[in-house]
Number of protein chains: 2
Amino acid sequence: MNNPKVSSRKTIILREAARLFREKGYSGTNLRELAKSSGIQGGSIYHHFSSKQEILYQIMEYTMTILISKIGELIGSEPEPFEQLRKAIRFHIEYHTSNVNETYVTDAELRSLTPDNYKKIVVLRNKYEHIYIQIIKDGIRAEKMKIDDVKLVSKALLQMLTGVSYWFDPNGSLRINEIANKYIKLFFWGIAGKDNQNHEEAS
Amino acid sequence: MNNPKVSSRKTIILREAARLFREKGYSGTNLRELAKSSGIQGGSIYHHFSSKQEILYQIMEYTMTILISKIGELIGSEPEPFEQLRKAIRFHIEYHTSNVNETYVTDAELRSLTPDNYKKIVVLRNKYEHIYIQIIKDGIRAEKMKIDDVKLVSKALLQMLTGVSYWFDPNGSLRINEIANKYIKLFFWGIAGKDNQNHEEAS
DNA sequence: GTCTATAACTAGATAGAC
DNA sequence: GTCTATCTAGTTATAGAC
């Protein structure tokens, strides 16, 4: 996980843990099973991690750090907010579908963190979410986007995008790139299309 | 739960179970604690339910059944697809925010069901999702909506809407009715607004 | 319908050998 | 770095009294 070129035991444990935590939940996963699928015995886990909690925390901390750093690079090299948002959407879907186990756990197991770990991860989550908020704010300022509630719209967007990893099937007919295009189109223009622009109000 | 007027012990257990399953997960919740917060001792749970699994199943079965029956009534009395969708969106958000614990559990604890129970709940989920798919298909046929991938769009919609119950704060400044309006507007017209309709493609 | 007591088992974590 | 053995505690579920 720290060095993707070497599949050290630690890396294997983290990868298997993410898989099991997603399949059975954090509480539903036991360390003997995790050890077995990592190729070692139960007790050996504790050579690499001090507790089950630490494994969960490291998965989340790593995932959020990568997400933040990659999205940062991505939008740093692109000045136009519309194009920034397109790239951000594409990236979020790609990363979440390519790392389903880790991102699912990071998303769904916040409740299983100790209070201290919880605080740290929430800080990172807010940081990531704030990047999307900022892009949209810039889009409004540039008069490219029309939104009256930036926070709500960012949340709606991220939940919709994260949802892709819940149903995405790598063996299905849709490529990730096509899916991203469809989401971009939906989020930008909605379902009503130009012809129905007269129903602007939502009573 | 079966008769909302009487808060029988069974009803109380189901309500408390939904709350605890959401807070700590199904595996993370123990029956002594559930019993305690329901006002009885651990062993007494088994007078009302045969197992922990049965409690989970009943929460989900009840929630899905109500969702399907209510949305059925709602769109049955409205012929126009645009208006049907507005009502459906409003209903989904309202029900999910008013019954956060039950809907969250129904959404997130599918993995904790036994294979037999899993199959039954998935049938109900598909039934509910199919109602949204049908509305959108009708909307396309009536040339009110422009969508090339109905399944994807329905999933995007439902994930976005369900997400409201994850951040909704009853003491916050936004009323559910206002939130529903914002989501309807977003889903119908997108964020780009009329003026930018020329960027139709999403490269 | 609820209680107490307990059976049967499983879990996270530790210790010390190799 | 991994093993085996084990401690300690907690878990679902059952049994029988009230």
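Residue numbers begin at 1 in each chain, while the letters A, B, ... track the order of the sequences. Model, not experiment: these values are computed from the prediction.
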Salt-bridged, [X] to [Y], with N to O below 4.0 Å?
| X | Y | value |
| --- | --- | --- |
| B:Lys36 | B:Glu33 | no |
| A:Glu129 | A:Lys151 | no |
| A:Arg22 | A:Asp107 | no |
| A:Glu178 | A:Lys182 | no |

[X] [atom1] - [N] [atom2] separation (whole Å):
| X | N | atom1 | atom2 | value |
| --- | --- | --- | --- | --- |
| B:Glu33 | D:dG10 | CD | C1' | 13 Å |
| A:Phe49 | C:dT14 | CZ | P | 15 Å |
| B:Lys52 | D:dG10 | NZ | C1' | 12 Å |
| A:Leu34 | C:dA13 | CG | C1' | 14 Å |
| B:Ile45 | C:dT2 | CD1 | C1' | 12 Å |
| A:Tyr26 | C:dG12 | OH | P | 8 Å |
| B:Leu31 | D:dT11 | CG | P | 9 Å |
| A:Lys36 | D:dT2 | NZ | P | 18 Å |

Residue-phosphate contact under 4.0 Å: [X] side-chain N/O, [N] OP1/OP2:
| X | N | result |
| --- | --- | --- |
| A:Asn30 | C:dA11 | yes |
| A:Arg9 | D:dT2 | yes |
| B:Ser44 | C:dG1 | no |
| A:Gln41 | D:dT2 | no |
| B:Tyr46 | D:dT14 | no |

Name the closest nucleotide to the A:His47 side chain, picking from D:dC3, C:dA13, D:dG1.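 Of D:dC3, C:dA13, D:dG1, D:dG1 is nearest to the side chain of A:His47.
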Counting side-chain heavy atoms from CB outward, which of D:dT12, C:dT2, C:dA13 is closest to B:Arg32?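 The closest nucleotide is D:dT12.
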What contact category does B:Thr29 fall into here, base, sugar-phosphate, or nothing, at under 4.0 angstrom with non-hydrogen atoms?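 Counting heavy atoms under 4.0 Å across all strands, the contact made by B:Thr29 is with sugar-phosphate only.
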Quick one: label A:Ser38 by what it contacts on the DNA or RNA (base, sugar-phosphate, nothing), any heavy atom closer than 4.0 Å. nothing
Considering all heavy atoms, the nearest B:Ile93-B:Leu161 contact: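 Looking at all heavy atoms of both residues, the shortest contact is CD1-CD2, 3.8 Å.
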